[in-house]
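Here the structure is laid out as structure tokens; the discussion comes afterwards.
Predicted model, so just to flag it, every value in this text is computed and none were measured. Values below: all heavy atoms of this structure, side chains included; hydrogens, waters and symmetry mates excluded.
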Amino acid sequence: MQAPSLGGVTVPRGDGKTVIRVRRGASLTDFADKINANPASLVTVLIHLGEMATATQSLDEETFRALGGELGYDIEVVSPEDEERELLGQFHIDLDAELAEEGDEDLKPRPPVVTVMGHVDHGKTRLLDAVRSVKVAQHEAGGITQHIGAYQVLSHHEGIERPITFIDTPGHEAFTAMRARGAAVTDIAILVVAADDGVMPQTIEALNHAQAAGVPIVVAVNKVDKEGANPDKVRQQLTEYNLVAEEYGGETMFVNVSAKEHTNIDTLLEAVLLTADAALDLRANPDKDARGVAIEAHLDKGRGPVATVLVQSGTLRIGDSIVAGGGYGRVRAMLDERGDNVEEATPSRPVMVLGLTSVPGAGDTFLVAPDDRTARQIAERREAAQRAASLAKRRKRISLEDLNEALAAGKVDNLNLIIKGDVSGSVEALEDALLKIDVGDEVDLRIIHRGVGAITQNDVNLATVDSAVIIGFNVKPAERVAELADREGVDMRFYSVIYSAIEDIEAALKGMLKPEYEEVQLGTAEVREVFKSSKFGNVAGSLIRSGEIKRGTKARILRAGAVVGEGIEITGLRRFKDDVTEVREGFECGINLGGFNDIRVDDVIETHEMREIPRT
């Protein structure tokens, strides 16, 4: 039905029960199409609700709910999973139906996928080195994993050679989101705890992610070769977090290892396989088009976009038309962790894929499409939806009531950032960590662009327009770009360790905060006698009770505990016949209060100054 809305505009009304489904980051135009309304009329309704938005601007969920409540519609924002399902449904691809149609005879055993988690510097990368016998830590900045990757190793178990897939996740707390996303594709988590250090904050953080994902855990008690190592203490500490060792009557396997000395590595791999066999049904159908997840991706100067993907079901082959996130293309080549060519990748097999048009994000799903045209259309739809959702997330909501105040106060200070990195996983993790920095409501951090690859002239131009700082993570400017940035006055910062970037940005945000001041009492004086002077007016003969009284400071006058004078300047101090600049506790002096003459015996003169409070 039609009913006049606020301001006299006519908008189709709902009955309060009509459900309208909108995707993340939808605009007023999208919503108007669903209710057969004029987008301009919805803009007017929003203005009357105290919100400002254009017809094509991406809106957040809260704004849509307010608009729906006003017009009598129940707005349901589609989850990313449902959005993906609906998108693929438009191309007659139903992943749920595929799974439902698979019988036991179609499913074949697949290797377990293992994520290595734990506190920074507890030896996760070195443990993987020991497992793979490949040195990785020495190539990492500060010995800290900055990228994520996937590798497959072979282990002998009960006379059979069985593969295990390892996903290496970065170890610093900034990568909470990456750990969580890693756990989403993980069958088993290895929790690395240093025997000489015990359970640390990030150990608990990693443990919580694995338990929230319902992933079985094997605990690797590392560094047992070090002096002061106490593996039993680690076992006792972890019982508080529902990880009870088998030797204590629990179900969790604990293995004492030394990554440095390569001790008990085979035992750890055996524990992983035993846990997989006991707790999990690891099977997948290899005889269908491949489905899986992009683990990491980067832009290679010679080979273009390169994505490391983990096949979860089906078989990926050279020549397949593939969609990964917003990228698409035909698989030109596949490489394993050693750089050798691979013809096909079966479930749980990680491979590097060449042939995509753009770099997908870490954690983006990939699938094989029926043909190149379908792959391109799915990728374009995905990219458009992702861009709209990103705009809605970034949108700064401001009501009409706040607008005048914001303008009068010079608006909210913004620190605009452009992030460029060598791999998508690190860029995403850095963005998530930076957006979590909280220094109050006075300063707003906005990430206006992020991408993979070298810093380009376009990045500098964007930074010039939006007064942004460019953050380069393991990348440098392209040719002549540094000169352009210098000429335009664009600040570029380069990092190889992510938490160094976080510390710098947090310091910059705190530096943008307006200073806060507090009043600090300097001294008090009791008036013992009042002298009348034709030259100076009334002079207070006083005894300094506490601190010191300085000439030029501000004072207030207290009489019987009540303030009778405020903001008065101490214009003169005299000791006997001498003018002085300050008088300390216990001494007597004459105090001249400038033009303030209402001074009496027993009044208290209290001096103070305003000091800036350091931001913490």
Practice problem: Check whether the side chains of Y495 and D504 place a donor and an acceptor atom closer than 3.5 Å, and report yes or no. | Solution: yes
Quiz item: Is the backbone N or O of G319 less than 3.5 Å from a side-chain atom of R330, with the two atoms forming a donor-acceptor pair by type?
Solution: yes
Self-check item: Gap separating the CZ atom of R450 from the CG atom of L417, nearest 0.5 angstrom
Solution: 13.5 Å
Quiz prompt | Heavy-atom closest contact (L28 atom, A53 atom, distance) | solution = CD1-O, 4.5 Å
Practice problem: Could you tell me whether a side-chain N or O of R65 sits under 3.5 Å from a main-chain N or O of I75, the two making a donor and an acceptor? | Solution: yes
Exercise. Ignoring hydrogens and angles, tell me if any N or O in the side chain of K34 forms a donor-acceptor pair with the backbone of R21 under 3.5 Å.
Key: yes
Practice problem: From the options I498, L435, I447, I505, select the one residue that forms a side chain to side chain contact (heavy atoms under 4.5 Å, CB included) with L430. | Solution: I498
Quiz item: Given F366 and V293, is the side chain to side chain contact (heavy atoms under 4.5 Å, CB included) satisfied, shown in steps?
Solution: CA-CA 6 Å; F366 86 84; V293 176; 5.6 Å; no
Exercise. Report yes or no: does T357 contribute a side-chain atom to a donor-acceptor pair with the main-chain N or O of Y328 at less than 3.5 Å?
Key: yes
Practice problem: Identify the two heavy atoms, one from I437 and one from I502, that lie closest to each other, and give their separation to 0.1 Å. | Solution: CD1-O, 3.9 Å
Self-check item: Side-chain heavy-atom pair V272, I190 within 4.5 angstrom cut-off
Solution: yes
Self-check item: Point-to-point distance, once rounded to the nearest 0.5 Å, from CZ of R446 to CG of N416
Solution: 5.0 Å
Exercise. Check whether any side-chain N or O of D33 sits under 3.5 Å from a backbone N or O of D30 as a donor-acceptor pair, and report yes or no.
Key: no
Quiz item: So, does S41 use its side chain to make a donor-acceptor pair with the main chain of N38 at under 3.5 Å?
Solution: yes
Quiz item: Would you say the side-chain atoms of R349 pair up with the backbone N or O of V311, donor to acceptor, closer than 3.5 Å?
Solution: no
Exercise. Could you pull out the closest heavy-atom pair between P39 and A55, with the gap in Å?
Key: CB-CB, 3.9 Å
Practice problem: State the CD-CG distance between Q312 and L310, to the nearest 0.5 angstrom. | Solution: 6.0 Å
Quiz prompt | Closest approach of P360 to S424 (non-hydrogen atoms, all atoms of both residues) | solution = O-OG, 3.0 Å
Exercise. Name all residues meeting the salt bridge (charged side-chain N to carboxylate O under 4.0 Å, His left out) criterion together with D74; count only those two or more places apart in sequence or in a different chain, and write none if there are none.
Key: none
Exercise. Determine whether more than 12 heavy atoms belonging to other residues, nucleotides or ligands lie under 6.0 Å from atom CD of E380.
Key: yes
Quiz item: Can you check whether P111 reaches I164 side chain to side chain, under 4.5 Å on heavy atoms?
Solution: no
Practice problem: List the steps and the verdict of side chain to side chain contact (heavy atoms under 4.5 Å, CB included) for T308 and V351. | Solution: CA-CA 6 Å; T308 301; V351 286; over 6 Å; no
Quiz prompt | Pairs meeting criterion salt bridge (charged side-chain N to carboxylate O under 4.0 Å, His left out) with involvement of residues 309-321, two or more places apart | solution = R317-E344
Self-check item: Shortest non-hydrogen separation from A284 to P286 and the atoms involved
Solution: O-CD, 3.2 Å
Quiz item: How many angstroms lie between NE2 in H298 and CG in N474, if you round to the nearest 0.5 Å?
Solution: 12.0 Å
Quiz item: Under 3.5 Å, is there a donor-acceptor pair between the T374 and D371 side chains?
Solution: yes
Quiz item: Could you give the distance from CG (L243) to OG1 (T203), rounded to the nearest 0.5 Å?
Solution: 11.0 Å
Practice problem: Would you check if V45 and E70 make a side-chain contact, meaning some heavy-atom pair closer than 4.5 Å? | Solution: yes
Practice problem: Would you name the heavy atoms of A501 and L434 that are closest together and state the gap between them? | Solution: O-CD2, 4.5 Å
Quiz item: Is the shortest heavy-atom distance from the side chain of L207 to the side chain of I217 under 4.5 Å?
Solution: yes
Quiz item: Are any non-hydrogen side-chain atoms of N461 and Q457 less than 4.5 angstrom apart?
Solution: yes
Quiz item: Going by heavy atoms in the side chains, are L316 and M334 under 4.5 Å from each other?
Solution: yes
Quiz item: Does the side chain of F31 come within less than 4.5 Å of L42's, by heavy atoms?
Solution: yes
Exercise. I would like to know whether R382 and D364 meet salt bridge (charged side-chain N to carboxylate O under 4.0 Å, His left out); could you show each step before the answer?
Key: CA-CA 10 Å; R382 272 183 176 179; D364 282 349; over 6 Å; no
Practice problem: Look up atom CD1 in I418 and atom CD1 in I448, then write down how far apart they are to the nearest 0.5 Å. | Solution: 4.0 Å
Quiz prompt | Pairwise side-chain contact, I455 with M492, heavy-atom cut-off 4.5 Å (strictly under) | solution = yes
Quiz item: Quick check: does any side chain N or O of S426 sit under 3.5 Å from a backbone N or O of D422, one acting as donor and the other as acceptor?
Solution: no
Quiz prompt | CA sep, side-chain torsions, deciding dist, call: K420, D459, side chain to side chain contact (heavy atoms under 4.5 Å, CB included) | solution = CA-CA 9 Å; K420 295 297 289 284; D459 297 326; 2.7 Å; yes
Quiz item: Looking just at side-chain N and O atoms, do S313 and N285 make a donor-acceptor pair shorter than 3.5 Å?
Solution: no
Quiz item: So, T165 side chain and V113 main chain: donor-acceptor pair closer than 3.5 Å or not?
Solution: no
Quiz item: What's the verdict on side chain to side chain contact (heavy atoms under 4.5 Å, CB included) for T275 and L280, showing C-alpha distance, side-chain angles and the deciding distance?
Solution: CA-CA 8 Å; T275 303; L280 302 167; over 6 Å; no
